[in-house]
Amino acid sequence: MSYAYLFKYIIIGDTGVGKSCLLLQFTDKRFQHVHDLTIGVEFGSRMVSINDRQIKLQIWDTAGQESFRSITRSYYRGAAGALLVYDITRRETFEHLSSWLEDARQHANPNMTIMLIGNKSDVAHKRQVSREEGEEFAREHGLVFLETSAKTSDNVEEAFINTASVICEKIDDGLDVSNESHGIKVGYGAGGTGANQGGFVNPGAAPRVGGGGGAAGQCC
Ligand SMILES: Nc1nc2c(ncn2[C@@H]2O[C@H](COP(=O)(O)OP(=O)(O)OP(=O)(O)O)[C@@H](O)[C@H]2O)c(=O)[nH]1
Ligand SMILES: [Mg+2]
């Protein structure tokens with residue numbers, strides 16, 4: 001299936017916050033109850049439509065465990081968007097956000113759009129971080145913010161699609177799409193491969209995205 005643009009995303013945040021479940025809900029509309037610890041990095045992709053333009057999202061789901069942190073860092077390069085996820089029922093995952101942001105600022109390109117996500121909104125009775133605190137953190141650090149539930153799918157579409165809309169706005173404002181470090185590839189007819197794909201990637205093999213030809217134009 002052809003696409004106008006491909007955007008590369010990464011999903012980051014502490015182990016167990018629901019990164020893989022968010023991806024699974026977005027690509028397959030399924031929820032997984034067990035914590036199937038991500039080893040290294042996994043990926044999925046899906047087409048979305050933003051103002052009638054087909055955008056392919058290529059999403060890299062990273063391992064939150066500390067021991068994988070150096071591998072995760074190698075995936076920031078060339079990402080157009082990041083979902084930075086914490087668990088609203090575990091305060092320490094919110095407290096670690098600054099350290100994740102520091103990594104992102106150090107290793108990602110400065111134009112990367114970061115969406116802050118407070119996940120597990122369905123278990124509000126165990127909430128340890130208020131919505132207001134999430135909003136405040138996002139405001140302070142210039143991030144977009146949403147609370148989601150990978151279980152009920154609440155706001156999951158919005159998290160991925162709103163991030164793409166912000167990237168589209170940046171393209172319309174003149175972001176250089178020919179610079180592969182921006183994590184954007186210009187489509188070329190039937191170059192896309194369709195929705196709902198996933199797979200496992202050798203943790204040692206850093207992805208290479210971008211460098212696509214074609215004229216830059218209005219995105220959305
Ligand atoms: N109630 C509820 N549970 C969730 C939600 N999202 C994830 N979980 C559960 O949280 C646990 C961890 O989810 P994962 O998606 O595997 O977490 P992860 O962030 O990918 O963890 P790592 O791969 O170790 O970094 C699993 O038991 C999920 O079922 C949610 O929105 N609501
Ligand atoms: Mg995972």
Side-chain angles (χ1 to χ4, degrees), residues 1 3 6-50 55-65 68-69 71-76 78-90 93 97 100 103-104 108 112-123 143-167 183 185 192-203 205-207 209:
M1 196 180 188
Y3 55 82
L6 179 151
F7 296 161
K8 181 190 156 193
Y9 282 11
I10 52 169
I11 314 182
I12 52 175
D14 278 12
T15 183
V17 296
K19 299 180 297 297
S20 300
C21 286
L22 285 165
L23 178 61
L24 192 68
Q25 185 59 257
F26 182 63
T27 57
D28 287 25
K29 305 200 184 315
R30 282 194 295 126
F31 178 68
Q32 168 134 323
H33 286 270
V34 291
H35 181 189
D36 198 359
L37 202 96
T38 302
I39 306 291
V41 176
E42 292 174 39
F43 82 97
S45 69
R46 206 189 107 178
M47 300 288 282
V48 295
S49 175
I50 311 266
I55 311 277
K56 183 174 179 177
L57 302 183
Q58 184 184 69
I59 305 150
W60 299 85
D61 167 31
T62 67
Q65 272 204 329
F68 293 110
R69 202 72 179 250
I71 294 170
T72 300
R73 286 191 188 107
S74 66
Y75 283 81
Y76 285 96
L83 305 191
L84 171 56
V85 187
Y86 66 94
D87 177 346
I88 66 156
T89 71
R90 281 196 298 139
T93 67
L97 287 177
W100 285 107
D103 267 11
M112 184 170 77
T113 299
I114 305 178
M115 164 75 76
L116 178 65
I117 293 183
N119 189 39
K120 308 197 187 179
S121 59
D122 58 289
V123 271
L143 316 175
V144 195
F145 175 69
L146 273 179
E147 284 193 349
T148 60
S149 168
K151 186 174 184 180
T152 67
S153 84
D154 189 42
N155 270 344
V156 173
E157 289 275 314
E158 287 81 353
F160 287 90
I161 289 173
N162 293 1
T163 305
S165 298
V166 174
I167 298 168
K185 188 171 172 179
T193 49
N196 300 340
Q197 294 179 340
F200 180 77
V201 171
N202 175 351
V209 177

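In what follows, every heavy atom counts, from backbone to side chain, and hydrogens, waters and symmetry copies are set aside. Keep in mind it's a predicted model, so treat the numbers as computed, not measured.
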As an exercise, state the distance from CD1 of Ile55 to CD1 of Ile167, rounded to the nearest 0.5 Å. 9.0 Å

Could you tell me which residues satisfy side chain to side chain donor-acceptor pair (under 3.5 Å) with Ser49, sequence neighbours excluded, listed by chain and number? none

Of the non-hydrogen atoms in Phe31 and Cys21, which two are nearest, and what is the gap between them? CE1-SG, 4.0 Å

Could you grab the distance from atom CD of Gln25 to atom CG of Asn155, nearest 0.5 Å is fine? 12.0 Å

Any side-chain heavy-atom pair of Asp154 and Asp122 under 4.5 Å: no

Less than 4.0 angstrom from a charged side-chain N to a carboxylate O is my criterion; do Asp61 and Lys19 meet it? no

Would you check if Leu23 and Glu42 make a side-chain contact, meaning some heavy-atom pair closer than 4.5 Å? no

Donor-acceptor under 3.5 Å (Tyr9 side chain, Ala80 main chain): no

Between Ser149 (side chain only) and Lys151 (backbone N and O only), is there a donor and an acceptor less than 3.5 Å apart? yes

Where do Thr62 and Ile11 come nearest, in terms of heavy atoms and distance? OG1-O, 2.7 Å

Once you round to the nearest 0.5 Å, how far does CG of Leu22 lie from OG of Ser153? 10.5 Å

Please name the pair of heavy atoms, one in Thr72 and one in Ala63, separated by the smallest distance, quoted to 0.1 Å. OG1-O, 3.4 Å

Regarding Thr89 and Asp87, do their side chains bring together a donor and an acceptor under 3.5 Å, going by distance alone? yes

Hey, what do you get for CD1 (Ile10) to CH2 (Trp60), rounding to the nearest 0.5 Å? 11.5 Å

Gln58 to Ser45 - nearest heavy-atom pair and separation: CA-CB, 4.2 Å

Can Asp103 and Tyr76 be said to form a side chain to side chain contact (heavy atoms under 4.5 Å, CB included), step by step? CA-CA 9 Å; Asp103 267 11; Tyr76 285 96; 3.7 Å; yes

Exercise: do Asp14 and Thr93 side chains pair donor with acceptor under 3.5 Å: no

What do the steps show when you test Val17 against Arg90 for side chain to side chain contact (heavy atoms under 4.5 Å, CB included), and what is the final call? CA-CA 8 Å; Val17 296; Arg90 281 196 298 139; 4.0 Å; yes

Can you confirm whether Thr163 sits close enough to Ile161 that some side-chain heavy atom of one is under 4.5 Å from a side-chain heavy atom of the other? no

Val41 and Phe68: side chain to side chain contact (heavy atoms under 4.5 Å, CB included), yes or no, with the steps? CA-CA 9 Å; Val41 176; Phe68 293 110; over 6 Å; no

Any side-chain heavy atom of Leu84 within less than 4.5 Å of one from Met115? no

Is there a side chain to side chain contact (heavy atoms under 4.5 Å, CB included) between Tyr3 and Lys185? Walk through the geometry before answering. CA-CA 10 Å; Tyr3 55 82; Lys185 188 171 172 179; 4.1 Å; yes

For a quick test of reading the model, state the closest non-hydrogen atom pair linking Ala104 to Ile114 and the distance between them. CB-CD1, 4.3 Å

Do Ser20 and Thr38 meet the criterion of a side-chain donor-acceptor pair at a distance under 3.5 Å? yes

Heavy-atom pair with the smallest gap, counting every atom of Ile12 and Trp100: CB-CE3, 4.0 Å

Anything under 30° is parallel, anything over 60° is perpendicular, the rest tilted; go ahead and classify Phe26 against Phe160. parallel

Here's a test for you: under side chain to side chain contact (heavy atoms under 4.5 Å, CB included), which of Val144, Leu143, Val85 qualifies with Ile117? Val85

Could you pull out all residues at least two apart from Glu157 that satisfy side chain to side chain donor-acceptor pair (under 3.5 Å)? Lys29, Arg46

